[in-house]
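The block underneath contains the structure these notes are about, expressed in structure tokens.
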Amino acid sequence: MTAHHTLWDDVLHNEQVIQEVAALAVDTALLEGVLMRTKEDTNSSDVVSYAPFTLLPSVIPSTVFEQAYAVQQDFNLLVDTISQNVEFLEHALASTIKADDFTAQLFKIYKQVLKEGLAQSVFLGINRSDYMVDRGAGSTPALKQIEINTIAASFGGLTSRTTAVHRHILNVLGKSKEASKLLDNNPARGIALGIVKAWELYGSARAVVMFIVEDVQRNIFDQRCIENEVWTRNIRVIRRQFKDVFEKASLDNDRRLYMEGQEVAVVYYRNGYMPANYNQQNWEARLLIERSKAVKCPDIATQLAGTKKVQQELSQPGALEHLLSNHAEAVARIRATFAGLYSLDLGKEGDEMAAVAIADPERFVLKPQREGGGNNLYGEELKQLLERIKDSPERTSYILMDKIVPQPSMNYLLRAQSPLKISECISELGVFGVYVRQGKDIVVNKHVGHLLRTKAVEHADGGVAAGVAVLDTPYII
Ligand code: ADP
Ligand code: MG
């Protein structure tokens with residue numbers, strides 16, 4: 001593989017310039033608030049560091065960038081539609097919940113809430129649809145969706161602050177024309193405005209917004225960006241863990257949610273997306289919140305709509321057409337972003353795909369129903385696992401996906417306590433979507449900004465929180 005983007009070639013190999021500018025870049029990141037707590041001290045802000053980021057912006061072709069924005073409202077509509085379609089979710093996840101305990105547990109809560117009847121009437125979705133740009137067979141780059149995150153989609157806060165860092169770096173490098181081309185980007189504000197809108201429609205002046213956070217809070221600054229923006233509208237925000245909810249939350253007769261005596265209008269989950277986030281008490285806390293009238297972001301149905309199994313089922317012929325029956329153009333825009341996705345359900349089709357992947361593992365990614373990075377299998381590992389489980393129902397807890405191969409480019413990944421070295425990198429573009437529904441009426445449906453993450457090519461998997469990718473800014477050409 002050769003890197004063909006030569007945009008920054010004049011500075012990339014000038015060691016002295018790079019060293020100077022890297023030091024200045026780090027200081028600028030700290031000044032702009034591109035911050036993260038340290039591994040050593042995840043729950044105190046006494047000593048903090050910068051979130052990892054690229055020294056230079058990465059090139060994204062304008063055609064694919066605009067395409068990613070143009071399809072975001074369609075994805076919002078799709079996720080919201082799936083979250084209201086019981087038959088689709090039941091059918092799509094039927095085999096998965098037999099093999100995967102975590103999805104089964106979520107599904108159990110989903111069914112329990114449905115049985116009781118929804119108390120919630122206002123719905124808030126905050127998602128991030130992630131893409132890579134496939135080099136394609138010909139010369140045209142193609143935007144391909146990696147996944148859509150419907151729960152705890154992060155870095156909308158910190159990414160709102162990285163553009164200023166890259167602008168400054170380019171200015172210092174004498175590239176003010178290029179600096180002025182970097183686009184403003186503020187997903188934190190758009191996300192916060194979604195929360196504010198949901199709070200207003202909930203309609204209780206005293207009620208608070210509750211962020212459900214993890215016990216390890218390294219990425220707190222990303223959340224604070226959103227939190228502080230909500231506070232500017234004079235809406236109170238509290239941060240609590242599932243265990244606090246278990247101990248101190250209750251429902252009244254109208255299933256209004258109360259936390260320590262305060263009514264909660266909106267629950268924004270920044271936790272609860274993986275098995276390690278739950279013990280028995282946390283599951284009970286989750287159920288209590290789901291049963292309540294509070295606006296959940298996301299509600300349990302919307303979380304299920306973001307599973308990888310649902311993503312694979314959506315790629316089946318006719319699935320999108322059925323779900324979005326009056327939206328032919330949206331269907332076409334969505335479908336154009338799909339890479340090949342394959343079921344491993346028991347049966348002839350699954351048998352065949354398992355055999356194809358074992359024979360040619362480099363072509364695929366094997367994905368379990370997990371979020372947060374570091375869970376997928378590639379290459380030799382994919383092959384070995386599939387060989388072991390190919391005749392077992394366990395295989396239905398995974399899906400197969402075509403591997404997307406982006407064009408690499410050279411950059412420096414700036415990470416605290418790490419040596420400065422040039423790396424061959426690939427990027428993943430995310431677009432944030434926000435929507436609000438009241439009853440059957442969608443009252444907000446927007447894209448609210450983007451996130452570019454870049455990693456060295458030697459890492460097959462991984463996000464920023466997983467310690468692999470770093471924050472970046474797109475340079476649109
Ligand atoms: P997670 O929920 O863990 O974030 P993803 O589907 O986003 O799961 O996969 C994690 C990472 O693996 C992505 O950020 C990307 O770097 C890589 N990846 C996932 N799917 C593909 C694919 N089809 N082709 C190439 N890389 C992929
Ligand atoms: Mg991901």
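This one's a predicted model, so the numbers in the text were calculated from it and none came from an experiment. All residue numbers in this chain count up from 1 along the given sequence. Whatever order the structure lists ligands and atoms in, that order sets their numbers, starting from 1.
- Near the Mg ion (ligand 2), less than 2.8 Å away, sit the protein N, O or S atoms Glu147 OE2.
- Using a non-hydrogen distance threshold of 4.0 Å, Lys455 registers as a contact of ligand 1.
- Between Glu371 and Lys308 there is a salt bridge, since at least one side-chain N of the basic residue sits less than 4.0 Å from a carboxylate O of the acidic one.
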task: For Glu214 and Arg270, run salt bridge (Lys or Arg N to Asp or Glu O under 4.0 Å): C-alpha distance rounded to whole Å, both residues' side-chain angles, the deciding distance at 0.1 Å, then the answer.
output: CA-CA 7 Å; Glu214 289 178 55; Arg270 291 296 294 254; over 6 Å; no
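- In this structure, Glu290 does not pair ionically with Lys296, as no charged nitrogen and carboxylate oxygen lie closer than 4.0 Å.
- Heavy atoms of Arg370 come nearer than 4.0 angstrom to ligand 1 in at least one pair.
- With Lys308, Gln369, Met274, Lys144 as candidates, the residue nearest to atom 8 (O) of ligand 1 on a non-hydrogen basis is Lys308.
- The shell of residues lying under 4.0 angstrom from ligand 1, judged by heavy atoms, includes Gly373.
- Applying the 4.0 Å criterion to heavy atoms of Val365 picks out, from ligand 1, the atoms 21 (C), 22 (C), 23 (N), 24 (N).
- The closest approach between a heavy atom of Tyr378 and any atom of ligand 1 is below 4.0 Å.
- We find that Asp130 and Arg128 are joined by a salt bridge, their nearest charged nitrogen and carboxylate oxygen being less than 4.0 Å apart.
- Under the rule for a salt bridge (Lys or Arg N to Asp or Glu O under 4.0 Å), the partners of Glu428 that lie at least two apart in sequence or sit in another chain are Arg453.
- The residue from Phe211, Trp283, Tyr278 that alone fulfils the ring-ring contact (aromatic ring centres under 6.0 Å, His included) condition with Phe242 is Tyr278.
- In terms of polar-atom proximity, defined here as any N/O pair under 3.5 Å, Arg453 makes no such contact with ligand 1.
- Of the options Arg128, Glu147, His459, the smallest heavy-atom separation from atom 4 (O) of ligand 1 is shown by Glu147.
- Not close to ligand 1: Pro406, with no non-hydrogen atom less than 4.0 angstrom away.
- Contacts of Ala339 with ligand 1, taken as heavy-atom pairs under 4.0 Å, are absent altogether.
- For the atom pair Lys446 NZ and Tyr435 OH, the distance stands at 15.0 Å (nearest 0.5 Å).
- For the pair Glu321 and Arg335, the salt-bridge criterion is met [side-chain N within less than 4.0 Å of a carboxylate O].
- In the vicinity of Met401, heavy-atom distances shorter than 4.0 Å reach the ligand 1 atoms 23 (N).
- Proximity of Gly372 to ligand 1 is established by a heavy-atom distance of less than 4.0 Å.
- Of the listed options Asp130, Asn376, Ile146, Asp402, Ile146 places a heavy atom closest to atom 27 (C) of ligand 1.
- Polar contact check, Ile404 against ligand 1: a nitrogen or oxygen pair lies under 3.5 Å apart.
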